[in-house]
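Naming convention: chains lettered A, B, ... in sequence-line order (proteins, then strands); numbering from 1 in each chain.
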Amino acid sequence: MNKLTIDYLQSSLLDYYSSFARDLPWRKTKDPYKIWVSEIMLQQTQVKTVIPYYERFISKLPTVLALASAHEDELLKLWEGLGYYSRVLNMHKAAKMVVKELNGMMPHTSKDLLKLPGIGLYTAGAIASIAFEERISAVDGNVHRVLSRYFGLSLTKEALVPLMYEILPSKRIGDFNQAIMEIGALICLPSLNPNCQSCPLKDNCVALDMNLIDSLPLKPKKLIRTKELYTLLMITDDASYYLQKRPAKGLLANLWEFPLLKGHLSQTEIINYVQSLGLKMLKMMELPNTSHAFTHKDWDIIAYKVTIINPQPLNDFTLVFKDDLLKNYTLSSLFNKYQEYYR
DNA sequence: AACTCGGGGCT
DNA sequence: AGCCCAGAGTT
């Protein structure tokens, strides 16, 4: 690539960033721990969603030592509703490694960051460039889209890394990486109508020039969501509810849930089920149906609140006071949609 | 290279 | 109703 192109990209992007960068909480610091937390939260999650979670997480756990010392239950509660829960468990493992093996000092290079669980090519590059000014790329979905369009290329994110390495400046590396992401987030939108007229790169954008904006980057093959039917039972004596912990692997791993039975059960089947647990039913109330979309599944849920008169320990369930439930037990947001019925 | 893993913002 | 989000780990 010629020097003129590189100079143009560097000055356009850095000038844009100096003028228009959003004032985001994690941009007020160079603390690698805080940058790390923000980058993990931002994986497949929009900025607007992350901000309140980030503020609360940093306020409760301001250092890597605090994170390493935290209990898993507390971490999941801080992550409740954010999704992709393995992110926070991997971060917990990594924090323990940093404290135990690195004397509490965050790795200073992308190569060493990459060794920590939950930190992949993008996140290692983001932390190293933003917190330590390492000359390394950070190719996320935004960068992929902006570069694909600007150069008129159809390449994977991995294939864009060497290209990024050519155009990276020798200083303000973190700003440069964030500038491309910023343009991807604010201007070079994935929708059919990006704001090309206000883009600092509009004069030399191949996709804009050749009318390829809509076709770049190449759309991934669209996924198939399978429908699954469930019956949710809130079994209560009005003071406590039966919960169960989901398995350590798979969807919503390690989270708590109300008894969730496969299929849409009839009221007779529910009565039989509750009796089979040894519980005496006082009344049963039908709750609103809900649907919940995951990446690959679509759950169609019917729900009942079942009031019983003889609460007792059960093998597969834990009886939890409702105040304790709200404070200390992490549920998927699909269960929290029913919060007005158990609070 | 293709799956899996949440939840929500935006159109 | 569908797309995609400051992706990573597993198969």
Please determine whether any donor N or O and acceptor N or O are separated by less than 3.5 Å between the side chain of A:Ser332 and the base of B:dG6.
no
Looking at side-chain heavy atoms only, is the closest gap between [X] and [Y] below 4.5 Å?
X        : Y        : result
A:Met41  : A:Phe57  : yes
A:Gln339 : A:Leu326 : yes
A:Leu61  : A:Leu75  : yes
A:Ile58  : A:Trp26  : no

Side chain of [X], heavy atoms from C-beta onward: which of [options] has the nearest atom to it?
X        : options             : result
A:Lys219 : C:dC4, C:dC5, C:dA6 : C:dC4
A:Thr123 : C:dG7, C:dA6, B:dG6 : C:dG7
A:Pro190 : B:dG7, B:dC5, C:dC4 : C:dC4
A:His296 : B:dG9, B:dG6, B:dT4 : B:dT4

Under 4.0 Å between a side-chain N/O of [X] and OP1 or OP2 of [N], yes or no?
X        : N     : answer
A:His292 : B:dG6 : no
A:Gln44  : C:dG7 : yes
A:Ser333 : B:dG6 : no

Between A:Leu116 and A:Pro220, name the one whose nearest nucleotide on DNA chain C is closer to the 5' end.
A:Pro220
Any base atoms under 4.0 Å from [X], or only sugar-phosphate, or nothing? Heavy atoms, all strands.
X        : answer
A:Val50  : nothing
A:Trp26  : base
A:Leu223 : nothing

Taking distance alone, no hydrogens or angles, what donor-acceptor pairs closer than 3.5 Å link side-chain atoms of residues 270-282 of chain A to residues at least two apart or in another chain?
{"from": "A:Asn272", "atom 1": "ND2", "to": "A:Thr268", "atom 2": "O", "distance (Å)": "3.4"}
{"from": "A:Ser276", "atom 1": "OG", "to": "A:Tyr273", "atom 2": "O", "distance (Å)": "2.6"}

Would a line drawn from the ring center of A:Phe294 to the ring center of A:His292 be shorter than 6.0 Å?
yes
Whole-Å distance separating the CG atom of A:Leu334 from the C1' atom of B:dC5:
14 Å
Would you mind reading off the distance between A:Arg225 atom CZ and B:dG8 atom P, rounded to a whole angstrom?
14 Å
Please work out which residues in residues 67-96 of chain A have a non-hydrogen atom less than 4.0 Å from an atom of DNA chain B and list them by number.
A:Gly81, A:Leu82, A:Gly83, A:Tyr84, A:Tyr85
Calculate, to the nearest 0.5 Å, the distance between atoms OH and CD1 belonging to A:Tyr8 and A:Ile167 respectively.
12.0 Å
